[in-house]
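Numbers restart at 1 for each chain; the letters A, B, ... are given by sequence-line order, proteins then strands. Owing to the predicted nature of the structure, the values given are computational and were not obtained by experimental measurement.
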Amino acid sequence: MKKTLLLLLPLILILIFPVLVKDSYFLNLGILVLYYTFLSQAWNILSGYSGQFSFGHAAFFGTGAYASTILLTGYGVSPWIGMFVGAFVSTLIGLFIGYLTFRYKLRGAYFALSTLAFAEILRIAVQNSDFFKKTMGIMIPLKQDPWMFQFESASSYYYTILIFAGFSIWLVYRIGRSRLGFNLAAIRENEDAARSLGVNIYKNKMIAMGLSAGLTALGGSFYAQYILFIDPPTTFGTEVSISILLPVIIGGVGTVLGPLVGSLITIPLGELTSALFGDFAGVHLMVYGLILVIVILFLPEGIVGWFQDRARKKEAGMNNGILKERG
Amino acid sequence: MSIGLIAQSFVDGILMGGIYGLVAIGLTLIFGVMKIINFAQGSLMMLGMYVTYWMFTLFGVNPYLSIPISALALFIVGSLIQKGILSRMLNAPEHNQLLVTLGIMLFLENMALALWSPDFRNVQVPGMVDTLHLGQININTPKLIAFLSAAGLSILLFWFLKNTMVGKAIRATSLERQGAALVGISTSKINMIAFGLGAALAAVAGSLINPFFYTSPTVGDTFILKGFVVVVLGGLGNFLGALVGGLIIGVSESLGGALLPGSLKEMVPYIIFIAVLLLKPNGLFGGKIR
C-alpha cells in the first residue's frame with residue numbers, strides 16, 4: 001500500500017505538471033526532461049540491454065529530424081506521418097550499421113568508435129547536399145496547426161512527449177521481461193556463453209539496433225517540430241550522441257527508470273549551471289563532464305543501478321548472512 | 001586535374017600526416033600500456049596549443065621555443081589525470097573507461113571555452129618565410145618543420161622505448177602487466193609516465209601546428225577522431241603503424257580534398273576507418289607495442 005502510493009505520487013505529479021506550473025521556463029524544462037528520457041531510453045534498448053555502447057545515435061536522431069522536416073517543407077506531408085517515415089528509414093540505417101558491425105563482431109570500443117564514424121559520415125553527407133540545404137539548415141514555417149505537429153501551447157508539447165516517454169519506459173519494461181530482454185542481457189554479460197546456450201547473438205542485436213534506431217528517429221522529429229529549425233551539427237553532431245547517452249549513464253545503464261532519473265538530474269542541473277554561470281559559455285558542459293567522471297568513478301552502475309545493487313545485496317545478506325560482491 | 005595539383009596535395013598530405021601520426025602515437029602509447037582509449041587526447045593537444053599561444057601572446061616566446069614548456073606542462077597534467085582518475089579505472093569495463101575519458105574531454109574542452117572564449121586564435125612565427133618553392137610545388141614552411149619534428153620525435157621515442165630502463169619497463173608493462181609487476185616494475189608509476197608522455201606528445205603536436213592552425217577550445221575534436229582512425233589503421237599499440245597510418249590518412253584526405261567537391265574530403269578518413277575495422281580489425285600492421 002505504501003509502495004503503490006510512493007509510485008503513484010510522482011506519476012500524478014508528472015501528469016498534472018503543466019497545470020501546476022504555468023511558467024514557460026519550467027514547462028520547457030519539463031519537456032526537455034521527458035524528451036531526454038525518451039531518447040536515452042531508446043539508446044538504453046540497444047546499449048543498456050545488449051551492452052553494445054553506441055556513440056553515434058545522432059545518425060538516427062538526425063535521420064528522423066531531416067526526414068519529417070523535408071517531407072513537411074518540401075511536400076507538405078504532416079510530421080505525424082513523416083516521423084514514421086523517418087523511423088522506418090532510420091531503422092534501415094540502423095540495420096545496415098548493425099549488419100556491418102555485428103557481422104564482423106565489433107565490440108566495445110571498436111563498436112563505439114565505428115558508430116561515431118557512421119554518424120560523422122552522415123553529418124558530412126548532409127552538410128554537402130543541396131537537397132538537405134547544406135550547412136544552412138532548414139527552417140520550419142510556423143503553422144500552429146496540431147495536424148502539422150505544431151501547438152499553440154507548450155503543455156500540448158508536454159503531453160505529446162509525455163506519451164512518447166511513457167511508451168518508451170513501458171517498452172523497456174516489457175523488453176526486460178521478455179525473451180528478447182533475457183537474450184540481450186545474456187549477450188551483455190558474456191557473449192560466448194550466450195552463444196553456447198543457443199542464443200542467436202546476431203539476430204538479437206539486430207532487433208535491438210532496429211528498435212533503438214527507429215525510436216531515436218521519432219525523437220529527432222519531435223525535436224524538429226519543437227525547435228522549428230534543424231541543421232547538421234545540432235542533429236548529426238557528436239554532441240547529440242553524447243547528450244543522448246549521458247542521462248542513462250548517470251541514471252543507470254540497462255535499468256527501466258535510469259533514463260528518467262538521469263534526465264531529472266542532468267537537465268535541471270544543466271539549466272541551473274547555465275543560469276548561474278551564463279556569462280561563461282561552456283560551464284554547464286564542464287559540470288556535465290565532472291559529473292560523468294564522478295558517477296563512473298563512484299557509482300559505475302549509475303544511480304538506479306546503485307540502489308538496485310544495494311537492495312540485492314541487502315536481500316542476499318539477509319538470506320545468507322554474507323554480503324557477496326558481484327563479479 | 002593536373003599532375004602538379006596531385007603532386008601538391010600529395011606533399012601536403014604527407015606533411016599533415018606526420019602530425020596525425022604524432023597525435024596517434026600518444027594515443028597508441030596510452031592504449032598499449034593501459035588498454036584505455038583516451039577520448040581526451042584531443043583536449044590535451046588543445047591545452048598544449050593554448051600554452052604555446054599564451055606564451056607567445058603574453059611573453060613573446062617564439063612558438064617553437066615554447067614546445068618544451070607545453071610538453072612539460074601537459075606531462076604533469078597527464079600524469080595527474082592518470083593518478084587521480086584513470087588509475088581507478090584500470091579494471092573497469094571498457095565502455096566505462098571510454099566514458100570517463102569522454103567526461104575528461106567534456107570538462108577540459110568547456111573549461112577552455114569558459115576561460116578563453118570560443119574565438120579562433122592565431123600565432124605568427126616572427127621572421128619566418130612562409131613558403132618554400134620546390135619546382136612547381138609549394139611547401140608551407142611551418143608544416144615542413146612540424147613534419148620533420150614529428151618524424152624526429154617518433155624516432156627519439158622509439159629509441160627511448162628500446163634503450164632506456166623506463167622505456168623497457170613501459171614495453172614490459174604493455175606486454176604483460178602482472179609479469180612486469182612481479183619482476184619489480186612499479187606499474188602504477190609506469191602508467192603515470194606513459195600517460196604523461198602521451199599527453200606531452202599531444203601537446204607537442206599541438207604546439208607544432210600552432211603556426212598554421214587556429215587555436216580554439218574544440219580544435220582537438222577533429223584531431224582526436226582522426227587520431228582514432230590512424231590508431232586503428234596502424235593497429236592499436238603499434239608505433240610504426242601509427243606513423244604510417246598517419247601518412248595514409250593525411251595523403252588520402254588531401255587527395256580527397258583535391259578530387260571531391262565541398263567538404264566531402266572529411267568523409268574519407270571515416271570511410272577508411274570503417275573499411276579497416278571491417279576488413280582488418282587488428283589494423284594493417286597488427287597490435288602490441290614492439
Engaged part of [X] at the chain B interface, taking heavy atoms whose separation is under 4.5 Å:
X      : value
A/L116 : side chain
A/R123 : side chain
A/A112 : side chain
A/Y110 : both
A/L106 : side chain
A/L113 : both
A/I242 : side chain

Mind checking whether [X] and [Y] have side chains closer than 4.5 Å, heavy atoms only?
X      : Y      : result
B/M267 : A/N128 : no
A/I124 : B/Y270 : yes
A/L292 : B/L102 : yes
A/M286 : B/E109 : no
B/I271 : A/I121 : yes
A/L297 : B/I85  : yes

Which bit of [X] comes within less than 4.5 Å of chain A, counting heavy atoms only: side chain, backbone, both or neither?
X      : value
B/L99  : both
B/P261 : backbone
B/L277 : both
B/M111 : both
B/I274 : side chain

So which of [options] has the biggest tally of heavy-atom pairs under 4.5 Å with chain B?
options                : value
A/A117, A/G51, A/S47   : A/A117
A/I296, A/I294, A/V293 : A/I296
A/A125, A/P300, A/G289 : A/G289

Roughly how far, to the nearest 0.5 Å, is [atom2] of [Y] from [atom1] of [X]?
X      : Y      : atom1 : atom2 : result
A/E120 : B/E266 : CD    : CD    : 8.0 Å
B/L225 : A/T238 : CG    : OG1   : 6.0 Å
B/H95  : A/F55  : NE2   : CZ    : 9.5 Å
B/L264 : A/Q127 : CG    : CD    : 9.5 Å

Contact leader toward chain A among [options], where contacts are heavy-atom pairs under 4.5 Å:
options                        : value
B/V100, B/T101, B/I37          : B/V100
B/S117, B/G262, B/P118, B/A114 : B/A114
B/L106, B/N110, B/L279         : B/N110

query: Would B/F273 and A/F118 count as a ring-ring contact (aromatic ring centres under 6.0 Å, His included) if you check the C-alpha gap in whole Å, the side-chain angles of each, and the deciding distance to 0.1 Å?
result: CA-CA 10 Å; B/F273 178 63; A/F118 276 113; 9.2 Å; no
- prompt: Heavy-atom count around B/N91 CG within 6.0 Å, excluding the residue itself: above 12?
  reply: no
- prompt: Does A/Y202 OH have over 12 foreign heavy atoms under 6.0 Å away?
  reply: yes
